[in-house]
Amino acid sequence: MTVLELKGLTKRFGRTVAADDVSFELREGEIFGFIGPNGAGKSTTLRMIIGALTPDSGEILMDGTPIRKNRHYRQNIAYVPGDIDLWGNLTGEEVIRFFMKVRGYQDTAHKDRLVERFRLDTKKKCKAYSKGNRQKVALICAFLSDARLLIFDEPTSGLDPLMERTFHEEVTAAKRDGRTILLSSHILSEVEKLADRIAIIREGRIIETGRLETLRHITRTEYVVQAEGDLDALKSLPYVHDYEVTDAGTHMRVDNDAVGDFLQALAPHQPSHLESLPPRLEDIFMRYYEDRREQS
Amino acid sequence: MRHFLKLTLDDTWFRILLWIIGISVLTLIVPYAFFGLYDDPAEREVLRETLDNPALIAMIGPVPEGAYTIAVMFSHEMLVFMGVIHGLFSVMIANSVSRKMEDQGLIEYVNSAGITRQSIFMTQLLVGVGMNAVLGIVIFAGLFLTPDDSFTLVGSALYAISTSLFGMMFYALTLVFAQLLPASEWTFGVSLSILLLLYLYRAITDVASPALSVISPYNWLTRLEPFAGNEAVWLLPFLITVLLFGLAWILFSGRDLDDAHLNFTMNKKPRAIGSYPRLMMGSMKILVASWLIGMVLIGASYGSIFGDLDAFINENAFLAESMAAAGEDPVTQFISVLVLITSIIGIIPALMISGRILREEKHGRLEWLESAGIRRRTMLFSHGIYAVIVGFVGVVAAMLGMYGASAGVSGIDMTLGDYMLIAVNYGGAIILFVGLSMLLIGISARLHIVVWFYLLYAFFVNYLGIIIGLDDAWRMATPFHYLAEVPKESIDWAAWSIVTAIGIVLMALGVLLFRRRDVG
Ligand SMILES: Nc1ncnc2c1ncn2[C@@H]1O[C@H](COP(=O)(O)OP(=O)(O)OP(=O)(O)O)[C@@H](O)[C@H]1O
Ligand SMILES: [Mg+2]
């Protein structure tokens with residue numbers, strides 16, 4: 001079932017087209033990764049979903065109804081902004097309680113558990129919080145809610161690796177509870193770990209959407225090869241990139257749609273060891289951008 | 001340090017520029033308002049006579065000796081009042097480059113990026129000295145070029161230098177409080193209070209015992225007598241600024257970032273805030289409390305001169321007779337002037353409160369609150385209604401202060417009820433201004449500044465209207481032209497209803513627009 005559907009969203013700020021015909025949909029219970037470099041239009045898109053911005057054209061549907069026609073749709077959403085300045089003179093505890101009151105939640109045990117998990121000192125005033133701590137407050141408020149759709153804008157940008165893991169665990173738990181999650185990021189490895197499906201946005205335009213596996217046609221796989229002979233001849237093949245000789249062997253990235261050719265070319269060199277590393281989203285980007293550059 | 005200076009200026013140059021333009025224009029157009037109206041020395045002499053009464057001495061300071069040229073008249077009527085404006089400019093900018101930046105974590109950030117404390121402080125100092133110097137140069141040039149012989153080189157220089165130094169002094173004072181107090185609200189509140197209290201102190205002592213007035217820096221400006229006596233020696237007391245800068249540096253280098261020398265750790269128990277209005281009121285507690293106290297003080301200081309006012313009128317039989325002939329009671333005439341000015345000042349906190357919602361927007365909290373189900377409509381209405389309430393209560397507080405301070409004066413037959421009616425009368429103007437503020441907020445966050453310019457305009461044309469009898473046409477663009485001049489006149493309920501209704505319509509429009517516009 002489709003929880004959220006974006007249809008041809010466009011948003012301009014003066015001459016900048018921050019979002020250009022953005023369309024994708026979120027299915028119930030999935031984690032949807034939304035990735036793109038800085039300034040790609042991720043936040044703009046998310047802020048159209050929560051209603052802070054009105055699209056110039058296009059439509060957003062929640063559970064099949066346009067959000068314009070249902071002002072209460074926000075009850076189903078919890079949103080964590082990319083960067084937030086909290087009220088300096090309130091403590092973290094007070095902010096979290098305020099959110100619980102406003103949204104009508106009473107489960108303080110759940111709150112205490114989350115505060116503990118995120119190791120937040122809630123007695124401090126918000127103005128003494130670092131970016132990561134402010135983010136934790138917003139994250140706790142979101143996980144605490146019973147919203148069916150959680151929207152995170154670069155949630156881990158201020159968190160240390162340990163907290164990042166806590167966040168991943170909480171997101172996975174939320175998914176287990178049947179909640180739908182929209183997660184924007186430019187940290188690709190994170191989305192890769194968590195997301196069921198992804199959309200890639202660049203300069204306001206969605207350039208790819210789909211399951212990770214199906215995006216592999218535009219990915220490269222990294223191979224580590226050890227061989228008796230000299231491998232340098234491979235270096236000049238059009239589908240071999242980032243060729244590098246190290247102690248552990250020779251590294252190279254190979255376009256996935258040319259694996260057959262690559263293996264044929266490799267065989268005469270009598271490889272003694274062949275290891276492949278899983279494709280990464282960085283590689284998707286790299287290849288995509290290189291293709292574009294060649295075209296233009 | 002150059003980087004930090006650039007960063008600081010990136011953040012503030014636009015505001016500084018607006019202030020410099022605003023203050024310069026405000027200062028430099030006034031002489032032109034005098035041309036035509038007061039070309040004749042005899043007319044100026046008459047004006048000088050009418051300004052020599054306790055109500056106006058309290059507002060603008062004592063009347064200077066010697067020939068009352070256009071330039072002397074200009075500096076007499078402007079200097080003290082512009083002191084407040086120059087001071088306000090410096091207090092606001094000083095706070096925003098010091099405690100406010102620190103509250104936002106910016107100072108800590110640049111400090112960790114290797115920019116030393118010295119550089120940070122030097123930057124703050126440079127911004128303050130620089131902006132006041134530029135303003136001084138513009139004003140000096142503008143005054144000197146004013147096409148009237150009385151604007152002499154020395155006089156123009158003294159006027160410009162003294163107002164610049166006055167600004168710098170409050171800049172330095174604000175930096176001192178930025179080290180002492182734990183939050184930018186406190187720094188701003190305390191510095192502004194001192195700026196206003198010194199004004200009020202001067203108002204009372206100028207009327208009651210002029211010798212004591214010298215404690216207030218405003219009186220130094222008066223004693224300089226630019227264009228007349230040109231007593232440059234009164235620039236010397238401003239040397240205290242150097243000490244203040246030194247003190248600020250000692251305090252700054254002797255504390256941790258994000259710490260303060262005075263800390264008020266209150267209520268350890270977490271407060272349970274359950275609604276947006278409560279959140280909003282909580283975040284403006286200091287602001288509201290200090291304004292209400294300020295309003296009582298303003299009312300009380302004006303009230304405290306009523307005795308002198310009465311005595312003055314008894315001494316000036318001629319004035320009393322001529323006013324009585326025109327069907328006016330001189331005392332109520334003066335009171336009408338003072339309550340009008342007080343009410344306009346009372347609009348300031350109201351606009352600060354309605355404009356506060358823009359801070360929520362700027363800090364990205366508005367969209368967060370909205371995503372949690374709090375409606376924009378609720379938020380803007382909360383600010384608007386609270387603004388009207390505080391504005392009204394502020395004027396009531398000032399009236400109570402005035403009533404209390406003048407209770408012992410015999411010649412004044414104003415009941416408490418009369419004072420409350422004054423507050424009701426000008427309550428209409430408060431609603432109108434808050435309405436305009438909400439409309440602008442509804443259109444765009446950037447436009448809100450317009451309502452401040454409008455208030456400044458309203459203040460100025462009314463102020464000049466009172467002092468120099470500026471043509472009433474200027475006031476037609478403000479609600480005060482239409483509202484009755486209580487207590488001299490009784491309330492014109494038809495005009496009052498129309499002003500109030502326009503205000504309410506503007507509020508509603510503002511909310512409608514605000515629901516639709518992009519935020520953040
Ligand atoms: N309110 C605004 N006014 C003008 N331009 C804006 C506004 N908001 C965003 N933009 C512009 O729109 C483009 C997209 O910005 P957006 O914040 O959506 O990017 P993003 O993908 O979230 O980037 P980041 O990873 O840096 O957060 C940028 O060029 C940005 O400068
Ligand atoms: Mg973003």
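Please read these numbers as outputs of a predicted model, since none were measured by experiment. Lettering of chains follows the sequences in order, A, B, ..., and the numbering in each one begins at 1. What you see below is based on every heavy atom in this structure, not just the backbone, and it leaves out hydrogens, waters and symmetry mates.
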Does atom OH of B:Tyr109 have more than 12 heavy-atom neighbours, drawn from other residues, nucleotides or ligands, at distances under 6.0 Å?
no
Side chain B:Arg271, main chain A:Leu90, donor-acceptor under 3.5 Å:
no
Between B:Arg359 and chain A, which part of the residue has a heavy atom less than 4.5 Å away: side chain, backbone, both or neither?
neither
Is it the case that more than 12 heavy atoms not belonging to A:Arg205 sit under 6.0 Å from its CZ atom?
no
Please flag which part of A:Ala138 lies under 4.5 Å from any non-hydrogen atom of chain B: side chain, backbone, both or neither.
both
Non-hydrogen atoms of A:Ala52 and B:Glu367 that approach each other most closely
CB-CB, 3.8 Å
Toward chain B, the part of A:Leu53 with a non-hydrogen atom under 4.5 Å:
both
Interchain contact, A:Glu93 with chain B, by part (heavy-atom threshold 4.5 Å)
side chain
Measuring heavy-atom distances to chain B, does A:Phe99 have an atom under 4.5 Å in its side chain, in its backbone, in both, or in neither?
side chain
Return yes if some donor-acceptor pair links the side-chain N/O of B:Asp518 with the main-chain N/O of A:Thr54 below 3.5 Å, else return no.
yes
Look at the side chain of A:Arg103 and the backbone N and O of B:Gly373, then say whether any donor-acceptor pair between them is shorter than 3.5 Å.
no
For a 4.5 angstrom cut-off between non-hydrogen side-chain atoms, does A:Val95 reach B:Ile273?
no
Does a side-chain heavy-atom distance below 4.5 Å link B:Ser275 with A:Phe98?
no
Need one label for A:Ile151: side chain, backbone, both or neither, based on atoms under 4.5 Å from any heavy atom in chain B.
neither
Let me know if B:Arg375 has heavy atoms under 4.5 Å from chain A in its side chain, its backbone, both or neither.
side chain
Under 6.0 Å from the CZ atom of B:Arg117, do we count more than 12 heavy atoms belonging to anything else shown?
yes
Let me know if B:Glu185 has heavy atoms under 4.5 Å from chain A in its side chain, its backbone, both or neither.
neither
Against chain B, work out which of A:Val102, A:Asp83, A:Thr91, A:Leu86 has the most heavy-atom pairs shorter than 4.5 Å and name it.
A:Leu86
Contact between A:Asp85 and B:Arg365 at the side-chain level, heavy atoms closer than 4.5 Å - yes or no?
yes
Do other residues, nucleotides or ligands put more than 12 heavy atoms under 6.0 Å from the CZ atom of A:Arg12?
no
Might you point out which heavy atoms bring A:Lys127 and B:Ala183 nearest each other, and give the distance in Å?
NZ-CB, 4.1 Å
What part of B:Leu279 is in contact with chain A, defined as an atom under 4.5 angstrom from a non-hydrogen atom: side chain, backbone, both or neither?
side chain
Go through the steps for A:Trp87 and B:His363 under the test side chain to side chain contact (heavy atoms under 4.5 Å, CB included), then give the verdict.
CA-CA 9 Å; A:Trp87 300 271; B:His363 289 234; over 6 Å; no
Closest-packed option against chain A by number of heavy-atom pairs under 4.5 Å, given B:Ala272, B:Gly364, B:Ser371, B:Ser184
B:Ser371
Heavy atoms of B:Arg376 and A:Gly51 approach each other most closely as NH2-O, 2.8 Å
Return yes when atom NE2 of B:His3 has more than 12 non-hydrogen atoms of other residues, nucleotides or ligands closer than 6.0 Å, and no otherwise.
no
Is it true that the side chains of B:Glu370 and A:Tyr79 contain a donor and an acceptor less than 3.5 Å apart?
no
